[in-house]
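Pasting a structure below so you can have a look.
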Protein chains: 2
Amino acid sequence: MSLRHALLGLLARRPSSGYELTQMFDRSLSTSWHAGHSQIYPELGKLEAAGLIRLVGEGARRSKTYDITDAGRVELRRWLVEAEPDRSQRSESGLRLFLTPLLDAADRKQTFERDLAHVEHELAALKALRAVQADAAEPEVFAPQVELGIRINTVLGEWLREQISTAS
Amino acid sequence: MSLRHALLGLLARRPSSGYELTQMFDRSLSTSWHAGHSQIYPELGKLEAAGLIRLVGEGARRSKTYDITDAGRVELRRWLVEAEPDRSQRSESGLRLFLTPLLDAADRKQTFERDLAHVEHELAALKALRAVQADAAEPEVFAPQVELGIRINTVLGEWLREQISTAS
DNA sequence: ACCGTACATGTCAGAACTTACATGCCAATC
DNA sequence: GATTGGCATGTAAGTTCTGACATGTACGGT
């Protein structure tokens, strides 16, 4: 049921169309949850039918903008505060990292370098985002989350560099 | 196809039964990939039919022990080194962290404290594992992975503590 | 001898998710 | 005025995953 709550959460930030939500999943949420448009559009229909969101406008190119309802806000809060979190994860990258000791030194080094390139790319994007937020007039409530992303990618990068130099 | 490769990877470490594999998913792999026994047993059947693993013995209580084959090892290496990683993640905890700014201060503090308790529990388990590994006669190839887990949980714990004290 | 628990494997219906197909709108460029 | 590309929504078939049901085995305690 996480997709449902991810959509409610995004709509609680600001009213959006399915297309915009799809982009948010790709951009901001890709390190936490993933969903394609073919999953999002039907789910929006179900959420509307359940009264948790409502259609607030139709724009150009048949776009439909939804907003969260009061019932939706109640459900979102209930889920965030009262529901027992499911701590299980699905991360192919994590699985790969777990299995790298099975590779020989050359292959291991190669995959670590590939991962390091990706981590550095992420880190640069997050730092750019932090810089934009620092210049913004309004304080950005999601700044701590960006900071956490920077810290986690930093330790990951350090670890990868250690592995690369150790794997002689 | 990650389940397939997760199973190949675990069997490359040592021959195991489906039951043992299910436990490894719960214990060592829960922060990377999750799978229940109802998914594992059918997948083992498919892997055997594909010649990537083979039945090497039947033990007490009708248990069946599988081992990876040479073809399986080739496929595992191909996937780890040559296949383009899917960097997308599914982490309900990450999603919750991303959405906490939507809560009021009291609710936010409560959920951060719940998360902190979990992180400290994880950290204690990983440190205990590191201590056991340090005492072991043979060097443990998975020690760096344990170290990475400790570091990530450490920064997560620090971040959570900051959020709790800041959220006045 | 009986009971509870951990061991051990399996199936199945339904939900979630992916990939591909399908359609149409609007703006810019050629 | 034709084409291209990004905007925008939708459906459908097939795969993966979950949760419940189902069955039987060995061991330790009482």
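Proteins get letters first, then strands, A, B, ... in listed order; numbering begins at 1 in each.
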Here the distance between atom C1' of C:dC26 and atom CZ of A:R62, to the nearest Å, is 12 Å
What contact category does B:H34 fall into here, base, sugar-phosphate, or nothing, at under 4.0 angstrom with non-hydrogen atoms? sugar-phosphate
Look at the side-chain N and O atoms of B:Q39 and state whether any lies under 4.0 Å from the OP1 or OP2 oxygen of D:dC17. yes
Item checked: N/O donor-acceptor pair, side chain B:S38 with base D:dG19, under 3.5 angstrom -> yes
Here the pair of heavy atoms bringing A:L123 nearest to A:I150 is CD1-O, 3.5 Å
To the nearest angstrom, the CE-P distance between A:M1 and D:dT18 comes to 15 Å
From the list B:L11, B:I68, B:L3, B:L52, side-chain contact (heavy atoms from CB on, under 4.5 Å) with B:L47 holds only for B:L52
Salt bridge B:E82-B:R77, side-chain N to carboxylate O under 4.0 Å: yes
Counting just side-chain N and O atoms, does B:Y41 come under 4.0 Å of either OP1 or OP2 of C:dG10?
no
Here the distance between atom C1' of C:dC7 and atom CZ of B:R27, to the nearest Å, is 12 Å
All heavy atoms of A:S16 vs all of A:R14, minimum pair found to be OG-O, 2.9 Å
Taken to the nearest whole Å, CZ/A:F25 to P/C:dA16 is 14 Å
By nearest-heavy-atom nucleotide on DNA chain C, the more 5' of B:R90 and B:A60 is B:A60
Atom CD of B:E43 and atom P of D:dC17 are separated, to the nearest Å, by 8 Å
From NZ of B:K46 across to P of C:dG10 the rounded distance in Å is 14 Å
Please list, pair by pair, any protein nitrogen or oxygen found under 3.5 Å from a nitrogen or oxygen in nucleotides 2-6 of chain C.
none

Checklist line | Pair B:R161 + B:E158, salt bridge at N-O below 4.0 Å | finding: no
From CH2 of B:W33 across to C1' of D:dC17 the rounded distance in Å is 10 Å
So, is the end of the A:R90 side chain (NZ or CZ) under 6.0 Å from the ring centre of A:W33 and within 45° of the ring's axis? no
DNA chain C nearest-nucleotide lookup for B:S88 and B:P42: closer to the 5′ end is B:P42
> Does any donor atom in the side chain of B:S2 or A:E92 lie under 3.5 Å from an acceptor atom in the other side chain?
Replying inline: yes
note: A:Q23, atom CD; D:dT9, atom C1'; distance rounded to Å ~ 13 Å
